[in-house]
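One-based numbering, in listed order, for ligands and for the atoms of each.
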Amino acid sequence: MIQSSRIALPVGTTLDRFVKSNQTQFSYDCADLSQLLADIVLGAKIVNREVNKAGLVDIIGAAGSTNTSGEQQYKLDVLANLAFEQALLQGGQVCTLVSEEYEFLVNLNETGKYIVAIDPIDGSSNIDVDVSIGTIFSIYRRTSEAGVPNTITDVLIKGSEQVVAGYILYGSSTMLVYTSGRGVNGFTYEPALGEYLLSHADMQMPKKGSVYSVNEGQSNFFPAPVRSYLDYCKVERYATRYVGSLVADFHRNLLKGGIYLYPGTLEDPRGKLRLVFECNALAFLAEQAGGKATDGNIRILDKQPLTLHERTPLYVGSSDMVDKLKGYF
Ligand code: FBP
């Protein structure tokens, strides 16, 4: 009976159809959003293809170069960075790209109306060991004069100005999760169709969870308020879950509730994570899903970046848990 077979099952809502049927979810022309997401999806498909056969192709290991932050670049970091840059260049919507893998901004299309900030591969240290990794992206509307190349001042924008933010998780399945300022939706990649299909509509982060994600090995060097909060988590017998890929830890906490912490340390109070490339996007998603994100003192989205590769402590997750942590600061 066809009706009861898989053939009769509804195909599902593709990402493009979702964007078009939710035009009110984007403050600007939704054709722009369609194209922007299509360009990011193209880059993600290239990364996904390589990640899925990592052990068989030459993308494992170091690229033999370091990025601006002095960190070793992996071959996949470099490949992914190029894939997204090429896709965004071809799409024509993006005037300027800033990437964790590039020291400086890259002007792409003079007539482009959007600025994209990207961490092409988040969780790089997990590439070689087949643990989930991700891509993080933020999109801003350009405010400078069209046709004039942007300068650094044009791209140092507060996270509260983001018009779109999202991530791709390359895990047991590949997912794209994004917000355009009116809620958070998740799409699962169906390789056979080459489509991202709506699988998680209107995602809500539970107000409270029982998981905390932190590199506890560094806790002796964390600020006192964080150490006190971690003691509280242990008294509460929370479980600790730390993948070492921010996107993967964030995604779990988005679905199940929890808090991710990357504090500064006594010797480096700024921490490791980049405000522009990692924290702004996840802060926007968290807030849109009912969660919160802070550096311990102020809301991440209110932080004015002073430099492109600026670092910040990050505490993001379920609202009650972030409030509890803030109580110790
Ligand atoms: P990359 O973007 O360079 O991968 O750095 C970020 C990150 O890998 C996060 O994904 C992860 O949560 C954290 O750093 C792990 O850092 P550490 O190994 O110091 O715990």
Side-chain angles (χ1 to χ4, degrees), residues 43-44 47 50-51 54 59-63 65-81 83-84 98-103 116-138 165-171 175 177 211-223 226-227 230 240-254 258-283 285-286 293 295 300 308-317:
V47 172
E50 298 304 313
V51 164
I59 53 157
I60 295 266
S65 51
T66 58
N67 65 20
T68 309
S69 313
E71 291 160 338
Q72 164 183 274
Q73 283 185 312
Y74 292 82
K75 289 175 185 164
L76 189 63
D77 285 324
V78 177
L79 180 144
N81 197 39
F84 286 109
V98 289
S99 167
E100 185 184 286
E101 301 305 330
Y102 282 149
E103 181 162 2
V116 169
I118 198 161
D119 178 3
I121 297 291
D122 167 65
S124 306
S125 61
N126 280 327
I127 296 169
D128 295 5
V129 290
D130 263 347
V131 170
S132 301
I133 53 177
T135 293
I136 306 174
F137 63 91
S138 292
Y167 58 82
I168 295 114
L169 175 64
Y170 311 98
M175 278 197 70
V177 174
V211 159
Y212 66 103
S213 311
V214 67
N215 184 341
E216 194 119 27
Q218 305 299 319
S219 59
N220 289 343
F221 308 96
F222 290 162
V226 177
R227 292 204 307 274
L230 295 181
T240 181
R241 293 282 182 277
Y242 191 66
V243 176
S245 290
L246 168 56
V247 167
D249 285 313
F250 178 87
H251 188 70
R252 185 199 48 253
N253 294 341
L254 173 60
I259 184 170
Y260 171 98
L261 308 93
Y262 206 105
T265 55
L266 302 177
E267 70 264 10
D268 193 351
R270 301 164 312 154
K272 172 186 181 180
L273 301 177
R274 276 50 63 121
L275 175 61
V276 172
F277 304 114
E278 293 158 321
C279 304
N280 276 336
L282 299 184
L285 286 159
D295 69 357
I300 292 288
L308 204 46
H309 294 271
E310 176 173 327
R311 299 166 186 265
T312 176
L314 175 67
Y315 309 103
V316 58

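In this structure, R274 counts as a contact residue of ligand 1, since one of its heavy atoms falls inside 4.0 Å of the ligand. In this structure, Y242 is part of the shell of residues with a heavy atom less than 4.0 angstrom from ligand 1. In this structure, S125 has no heavy atom closer than 4.0 Å to ligand 1.
Note that NE2 of H251 and OG of S132 are 9.0 Å apart. Values are rounded to the nearest 0.5 Å. To the nearest 0.5 Å, the span separating OH on Y262 from CG on D249 amounts to 12.0 Å.
Although no hydrogens or angles enter the test, the distance criterion places no donor-acceptor pair under 3.5 Å between the side chain of D295 and the main chain of I300. D119 places no side-chain N or O within donor-acceptor distance of the main-chain N or O of E100, the cut-off being under 3.5 Å. Side-chain atoms of D122 come within 3.5 Å of backbone N or O of V247 as a donor-acceptor pair.
Within the listing of ligand 1, atoms 2 (O) sit less than 4.0 angstrom from a heavy atom of D119. Close contacts between ligand 1 and S245 involve ligand atoms 10 (O), 12 (O) [criterion: under 4.0 Å to a heavy atom]. Near E278, with a cut-off below 4.0 Å to any heavy atom, the atoms of ligand 1 are 1 (P), 2 (O), 5 (O), 6 (C).
Of the protein's non-hydrogen atoms, G123 N, 2.7 Å is the one closest to atom 4 (O) of ligand 1. Atom 11 (C) of ligand 1 has G244 O, 3.3 Å as its closest protein atom, hydrogens excluded (heavy atom only). Here the protein heavy atom with the shortest distance to atom 19 (O) of ligand 1 is Y262 OH, 2.6 Å. Protein heavy atom in closest approach to atom 14 (O) of ligand 1: K272 NZ, 2.9 Å. Among protein heavy atoms, atom 12 (O) of ligand 1 sits closest to Y260 OH, 2.8 Å.
Checked by distance only, ligand 1 and L273 stay at 3.5 Å or farther apart across all their nitrogen or oxygen atoms. For a threshold of 3.5 Å applied to N or O pairs, the pair formed by D249 and ligand 1 contains no separation below that value. When only interatomic distances are considered, the shortest N/O to N/O separation between L246 and ligand 1 falls below 3.5 Å.
Looking at S245 and N126, their side chains do bring a donor and an acceptor atom within 3.5 Å of each other.
Between F277 and H309, the ring planes are tilted. Angles from 30° to 60° get that label.
The side chain to side chain donor-acceptor pair (under 3.5 Å) search around R241 returns none, not counting sequence neighbours. In this structure N81 satisfies the side-chain contact (heavy atoms from CB on, under 4.5 Å) test together with S99, E101, Y102, P120, sequence neighbours excluded.
Neither the backbone nor the side chain of V243 has any atom closer than 4.0 Å to an atom of ligand 1 (non-hydrogen atoms only). Using a 4.0 Å cut-off between heavy atoms, N215 contacts ligand 1 through its side chain alone, with no backbone atom that close.
The minimum heavy-atom distance linking R252 with V243 is given by the pair NH1-CG2, 4.0 Å.
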